[in-house]
Participant: 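Here it is, the structure in full.
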Amino acid sequence: MTEILLFEPNYNGHRMPHCAHLIRAAYAEGARVALATSHESVDSPNFAMFIKPLAGMYELIDLGALAELQSEAARRRRLEAIASQRHGARLFVLEGDKFLPQTVHLSRPTARRTTVLLIRTPLHLGNSARTAMNACVKLVWSLFAHLRGVDTAVIGPARGIEDHLRRGFLRECPDPVEFSTTPSSISKMRQTADLTGTRTWFGIFGNVVARKNPLLALESLQDVDPSSTGLLLAGTVDAELLSQLEGPIARFRTSGGEVRIIDRLLPDEDLDAAIASVDVALFLHSGDGPSQILGKAVAAGVSTLAAGSKALRKMQKRLGGGRWSPLRKSTIVAQLREAKSLPRPNPKTLAGGPEFAKTLLNRSAARQEGQ
């Protein structure tokens, strides 16, 4: 029987959803699945939401405390120790961007069984000299890993279910977009969040942190027409950021605008309903990388406005639309004004969890059979 071992000490971000996709797919194919993670991850709400419902499909391996796994070298040693006890298991290191340089220190037998999944592609140079340099360094490490025998994959942008995936030593896996909601769920969300009326509602979703620039969104909407617009922040909102937003939110409301905040970890069904409840989803990102939530907005048939990130601009073009702007208030204001009058786009079916897991697992299996 094939054995799949997922190595992911942390629980934040998309780590647990990615693990869940792989557990389901590997279990459905008859594989024995193990998840190696920390006990802090097991106690997290993310684990409870995504992994706990799959009880019976996987074996849990406790990696101990996260404090003991702070260095990537410590993580490599734990992976080697587990690999020595699991002869023949296919090893998957998820969110492996920082782990990548450690692959040159893996023993040859372990390296040949290991797949490292990168979240940020080294083939996109980004918006600055620093990000370009980081991408070049990562590309070099990817090549070294390949020469060592490690299989390296990268999360590509969300894409249509039939779209072509780039292959090669840095192959792509589609960013999994899971979108499922109903008209009644959307209506309930609009009532619960009080998104009723004739306002044009804009939204920022997921982990709402400073790099998503909600302050810039508020300041830009202030120059559009507060009396006819509103902003929804839905997801886990950074506490320090929320404190910084108190004054701007008060000023926006005084000018006639409205702000709604849903500050909690949203299960997919609630997140999907929240995205589908707004007129325009905002992605004013200081960082440069793909966004699964932008994919959800496209799947929902919601207009998107992105700014700053060239990766998001490419993603919008690939998915067939959306507005983009430099990360500059004056141009964002102009785009917001235009976005208010745009018709709602048609929903699009995108590659989801099954396609993500199938791409990652099948390539790994084919590669191991060829060794």
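Side chains are part of it too, since the values below use all heavy atoms of this structure and drop only hydrogens, waters and symmetry mates. Numbering starts at 1 and runs along the sequence shown.
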Participant: In the structure I gave you, are the side-chain heavy atoms of E29 and I4 within less than 4.5 Å of one another anywhere?
Facilitator: no
Participant: Please check if L266 and V208 belong to a single hydrophobic cluster, counting links between Ile, Leu, Val, Met, Phe, Trp and Tyr side chain heavy atoms closer than 4.5 Å.
Facilitator: no
Participant: Once rounded to the nearest 0.5 Å, what's the spacing between atom CG of L106 and atom CG of L79?
Facilitator: 6.0 Å
Participant: So do V116 and W141 actually touch side chain to side chain, heavy atoms under 4.5 Å?
Facilitator: no
Participant: Using a distance-only test with no angle check, is there a side-chain donor-acceptor pair under 3.5 angstrom linking Q316 and T304?
Facilitator: yes
Participant: Do R260 side-chain atoms and L195 backbone N/O form a donor-acceptor pair below 3.5 Å?
Facilitator: no
Participant: Give a yes or no on whether the backbone of L361 and the side-chain of R90 come within a donor-acceptor separation of less than 3.5 Å.
Facilitator: yes
Participant: In Å, rounded to the nearest 0.5 Å, how long is the span from CG of L231 to CZ of F202?
Facilitator: 9.0 Å
Participant: Taking side chain as C-beta onward, heavy atoms only, is S228 less than 4.5 Å from T198?
Facilitator: no
Participant: Within the 4.5 Å heavy-atom criterion, are L5 and I82 side-chain neighbours or not?
Facilitator: yes
Participant: With clusters defined by side-chain heavy atoms of hydrophobic residues (ILVMFWY) lying less than 4.5 Å apart, directly or transitively, does I204 cluster with I293?
Facilitator: no
Participant: For S255 and G257, indicate whether the former's side chain and the latter's backbone hold a donor-acceptor pair under 3.5 Å.
Facilitator: no
Participant: How far apart are the closest heavy atoms of N10 and M16, and which atoms are they?
Facilitator: O-CE, 3.2 Å
Participant: Please give me the minimum heavy-atom distance between M57 and V33, naming the atom from each residue.
Facilitator: O-CB, 3.7 Å
Participant: Answer yes or no: is there a donor N or O on one side and an acceptor on the other, between the side chain of R199 and the main chain of G230, under 3.5 Å?
Facilitator: no
Participant: Could you report the tightest heavy-atom contact between I119 and D97, atom names first, then the distance?
Facilitator: N-OD1, 2.8 Å
Participant: Does CG belonging to D43 count more than 12 external heavy atoms closer than 6.0 Å?
Facilitator: yes
Participant: Give every donor-acceptor pair under 3.5 Å between a side-chain atom in residues 232-253 and any protein atom, sequence neighbours left out.
Facilitator:
residue	atom	partner	partner atom	Å
D238	OD2	E240	N	3.3
D238	OD2	L241	N	2.9
R253	NH2	V259	O	2.6

Participant: Main chain of R148, side chain of R108: is a donor-acceptor contact present, judged purely on distance under 3.5 Å?
Facilitator: yes
Participant: State the CD-OG1 distance between E269 and T182, to the nearest 0.5 angstrom.
Facilitator: 10.5 Å
Participant: Where the side chain of R75 meets the backbone of L69, is there a donor-acceptor pair that is under 3.5 Å apart?
Facilitator: yes
Participant: Please report the shortest heavy-atom distance between V209 and P214, naming the atom on each side.
Facilitator: O-CD, 3.7 Å
Participant: Quick one: do L218 and I262 end up in the same hydrophobic cluster if we chain Ile, Leu, Val, Met, Phe, Trp and Tyr together by side-chain heavy atoms under 4.5 Å apart?
Facilitator: no
Participant: With sequence neighbours excluded, what pairs up with P326 under the side chain to side chain contact (heavy atoms under 4.5 Å, CB included) test?
Facilitator: W324, R328, T331
Participant: For the side chain of T2 and the backbone of A31, is there at least one donor-acceptor N/O pair under 3.5 Å apart?
Facilitator: no
Participant: Taking atom CZ of F47 as the centre, report whether more than 12 heavy atoms of other residues, nucleotides or ligands fall under 6.0 Å from it.
Facilitator: yes
Participant: Among residues at least two apart in sequence or on other chains, which ones pass side chain to side chain contact (heavy atoms under 4.5 Å, CB included) with V333?
Facilitator: S220, D223, V224, K329, R337
Participant: Please round to the nearest 0.5 Å and tell me the distance separating atom CG of L54 and atom SG of C19.
Facilitator: 10.5 Å
Participant: Distance-only, no hydrogens or angles: does the E355 side chain make a donor-acceptor pair with backbone N or O of G352 under 3.5 Å?
Facilitator: yes
Participant: Any donor and acceptor pair, going by atom type alone, linking the side chain of E178 with main-chain N or O of G353 inside 3.5 Å?
Facilitator: yes
Participant: Got a second to check how far Q102's CD is from E72's CD, nearest 0.5 Å?
Facilitator: 6.5 Å
Participant: Please tell me whether L319 and L305 are part of a single hydrophobic cluster in this structure, the criterion being side-chain heavy atoms less than 4.5 Å apart.
Facilitator: no
Participant: When rounded to the nearest 0.5 angstrom, what distance separates CG in L327 from CD1 in I332?
Facilitator: 5.0 Å
Participant: Quick one, Y11 with I51, criterion side-chain contact (heavy atoms from CB on, under 4.5 Å). Give me CA distance, side-chain angles, the key distance, then yes/no.
Facilitator: CA-CA 10 Å; Y11 58 85; I51 306 298; over 6 Å; no
Participant: Mind checking salt bridge (Lys or Arg N to Asp or Glu O under 4.0 Å) for E40 and listing every partner two or more places apart, or none if nothing turns up?
Facilitator: none
Participant: Considering all heavy atoms of both residues, which atom of A83 and which atom of L91 are nearest to each other, and what is their separation?
Facilitator: CB-CD1, 3.7 Å
Participant: Counting distance only, does the side-chain N/O of E95 pair as donor-acceptor with the main-chain N or O of E8 below 3.5 Å?
Facilitator: no
Participant: Does a side-chain heavy-atom distance below 4.5 Å link D194 with E258?
Facilitator: no
Participant: Would you say the side chain of T349 lies within less than 4.5 Å of the side chain of F179, judging by non-hydrogen atoms?
Facilitator: no
Participant: Could you tell me if the side chain of L336 sits less than 4.5 Å from the side chain of K340, heavy atoms only?
Facilitator: no
Participant: Taking C-beta and beyond as the side chain, do F205 and L271 meet within less than 4.5 Å on heavy atoms?
Facilitator: yes
Participant: State, to 0.1 Å, how close P174 and T359 come at their nearest heavy-atom pair, and which atoms those are.
Facilitator: CD-OG1, 3.8 Å
Participant: With a 3.5 Å cut-off and sequence neighbours excluded, list the donor-acceptor pairs that the side chains of residues 272-282 form with protein atoms.
Facilitator:
residue	atom	partner	partner atom	Å
D272	OD1	K296	NZ	2.6
D272	OD2	S180	N	2.9
S277	OG	A273	O	2.6
D279	OD2	W201	N	2.7

Participant: Where do L360 and H21 land on the side-chain contact (heavy atoms from CB on, under 4.5 Å) test, with the steps shown first?
Facilitator: CA-CA 11 Å; L360 195 60; H21 294 319; over 6 Å; no
Participant: By the side chain to side chain donor-acceptor pair (under 3.5 Å) test, which pairs, at least two apart or in different chains, include something from residues 47-70?
Facilitator: H39-D62, E59-R86
Participant: Start with the C-alpha gap between R15 and T37, add the side-chain angles, then the distance that decides, and say whether side-chain contact (heavy atoms from CB on, under 4.5 Å) holds.
Facilitator: CA-CA 11 Å; R15 290 171 169 87; T37 191; over 6 Å; no
Participant: Let me know which of L117, L118, V93, L94 forms a side chain to side chain contact (heavy atoms under 4.5 Å, CB included) with F99.
Facilitator: V93
Participant: Count I, L, V, M, F, W, Y as connected when their side-chain heavy atoms are under 4.5 Å apart, and connections chain through other members. Are L284 and L342 then in the same cluster?
Facilitator: no
